[in-house]
Amino acid sequence: MRAAMDVASLAARSCKGLCGKDTPRVAMDKAEEMLRGLSGWKMAADGTAISRAFVARNFMAAMAFFQGVAKVAEEEGHHPDLHLTGYRNVKVELSTHSIGGLSEADFIMAAKIDQVPVDYSPKWLENHAQQVPK
């Protein structure tokens with residue numbers, strides 16, 4: 001299986017209707033497989049969420065990213081937890097809250113979030129280029 005193709009196929013899908021209390025959880029082996037195709041995303045120790053963190057160039061760059069994510073989240077009906085600390089340290093967490101764990105919608109949303117432009121801190125980018133979605 002080719003990771004790049006998986007990310008593109010995930011991003012092409014929609015989360016709409018995939019986030020109810022009857023939504024099935026993704027099996028851990030499938031979650032790990034899908035996660036391998038997403039650059040910079042990590043699974044929580046308890047396996048119930050995935051997250052991505054980075055440093056934006058400045059406060060306005062972080063807020064622009066959040067606005068882009070908000071637009072996608074509203075369109076898809078699946079909303080991540082967004083964290084901003086130290087005015088430019090960004091963290092995005094995805095979990096299907098209604099089931100207390102991960103569903104396919106979380107990986108679809110991660111692939112869509114990876115398409116949102118980011119103005120990274122040059123220093124962070126220099127040390128973390130492998131975490132930047134392609």
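Sequence positions, counted from 1, serve as the residue numbers for this chain. Computed from a predicted model, the values in this text were never measured in an experiment.
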S.K.: Does the side chain of Asp29 come within less than 4.5 Å of Glu33's, by heavy atoms?
M.R.: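 No, too far: nothing below the 4.5 Å cut-off.
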S.K.: Shortest non-hydrogen contact from Ala110 to Leu38?
M.R.: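 Here Ala110 and Leu38 meet closest at CB-CD1, 3.7 Å.
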S.K.: Is it true that the side chains of His78 and Asp106 contain a donor and an acceptor less than 3.5 Å apart?
M.R.: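 The answer is yes; a qualifying pair exists.
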S.K.: Any non-hydrogen side-chain atom of Trp41 less than 4.5 Å from a side-chain atom of Ile113?
M.R.: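 Of all side-chain heavy-atom pairs linking Ile113 with Trp41, at least one is under 4.5 Å.
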S.K.: Are any non-hydrogen side-chain atoms of Arg52 and Lys42 less than 4.5 angstrom apart?
M.R.: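 Arg52 vs Lys42: side chains apart.
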S.K.: Could you check if a side-chain atom of Tyr120 sits within less than 4.5 angstrom of a side-chain atom of Val55, using non-hydrogen atoms only?
M.R.: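 Of all side-chain heavy-atom pairs linking Val55 with Tyr120, none is under 4.5 Å.
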S.K.: How close do Val26 and Met34 get, counting heavy atoms only, and between which atoms?
M.R.: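 Minimum heavy-atom contact is CG1-CE, 3.7 Å.
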S.K.: If I compare all heavy atoms of Cys15 with all of Ile108, which pair ends up nearest, and what's the gap?
M.R.: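 Minimum heavy-atom contact is SG-CG2, 3.6 Å.
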S.K.: Whether Lys30 and Glu32 form a salt bridge (side-chain N of Lys/Arg under 4.0 Å from carboxylate O of Asp/Glu) is what I want to check.
M.R.: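 Not counted as a salt bridge, because no side-chain N and carboxylate O are separated by less than 4.0 Å.
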S.K.: For Phe107 versus Leu10, what's the shortest heavy-atom pair and its separation?
M.R.: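 For Phe107 and Leu10, the tightest heavy-atom pair comes out as O-CD1, 3.9 Å.
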S.K.: Rounded to the nearest 0.5 Å, what's the gap from CG on Asn58 to CE on Met63? Could you check?
M.R.: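 Atom-to-atom, Asn58:CG and Met63:CE are 11.5 Å apart.
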S.K.: Quick one: are Arg25 and Ser103 in side-chain contact, heavy atoms under 4.5 Å?
M.R.: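 Arg25 vs Ser103: side chains apart.
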S.K.: Can you tell if the side chain of Val132 reaches within under 4.5 Å of the side chain of Trp124, non-hydrogen atoms only?
M.R.: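 In short, these two side chains touch, coming nearer than 4.5 Å.
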S.K.: Take Val92 and Phe65 through the side-chain contact (heavy atoms from CB on, under 4.5 Å) test and state the conclusion after the steps.
M.R.: CA-CA 11 Å; Val92 179; Phe65 172 75; 3.7 Å; yes
S.K.: Using only atom types and a distance under 3.5 Å, with no angle test, would you say the side chain of Ser95 pairs donor to acceptor with the backbone of Thr48?
M.R.: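 Answer holds: yes.
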S.K.: Where do Val90 and Ala56 come nearest, in terms of heavy atoms and distance?
M.R.: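 Heavy atoms of Val90 and Ala56 come nearest at CG2-CB, 4.5 Å.
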S.K.: Only one of Val69, Ile50, Val72 passes side chain to side chain contact (heavy atoms under 4.5 Å, CB included) with Pro80; say which it is.
M.R.: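 Filter result, single survivor: Val69.
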S.K.: Under the criterion salt bridge (Lys or Arg N to Asp or Glu O under 4.0 Å), I'd like the reasoning laid out for Glu75 against Lys112: C-alpha separation, chi angles, the key distance, then a yes or no.
M.R.: CA-CA 11 Å; Glu75 289 169 358; Lys112 289 180 178 294; over 6 Å; no
S.K.: Quick check on the hydrophobic clustering: are Met109 and Leu82 connected, directly or via other members, by side-chain heavy-atom contacts under 4.5 Å?
M.R.: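 Looking at the clustering, Leu82 is in the same group as Met109.
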S.K.: Taking Arg88 for the side chain and Ser121 for the main chain, is one N or O donor matched with an acceptor at less than 3.5 Å?
M.R.: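 No, the answer is negative, given that no donor and acceptor are paired below the 3.5 Å cut-off.
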S.K.: As a quick check of understanding, evaluate side-chain contact (heavy atoms from CB on, under 4.5 Å) for His79 and His97, giving each step before the final call.
M.R.: CA-CA 9 Å; His79 302 87; His97 299 101; over 6 Å; no
S.K.: Do you know the tightest heavy-atom contact between Ile99 and Leu102?
M.R.: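 Closest approach of Ile99 to Leu102: CD1-O, 3.9 Å.
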S.K.: With the side chain counted from C-beta on, respond yes when Leu125 and Gln131 share a heavy-atom pair under 4.5 Å apart, and no when they do not.
M.R.: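 Not in contact.
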S.K.: Do Gln130 and Ser39 have side-chain atoms, one donor and one acceptor, less than 3.5 Å apart?
M.R.: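 Side chains of Gln130 and Ser39: no pair found under 3.5 Å.
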S.K.: Is there a side-chain contact between Leu94 and Ser51 (heavy atoms, below 4.5 Å)?
M.R.: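 No - every pair of side-chain heavy atoms lies 4.5 Å or more apart.
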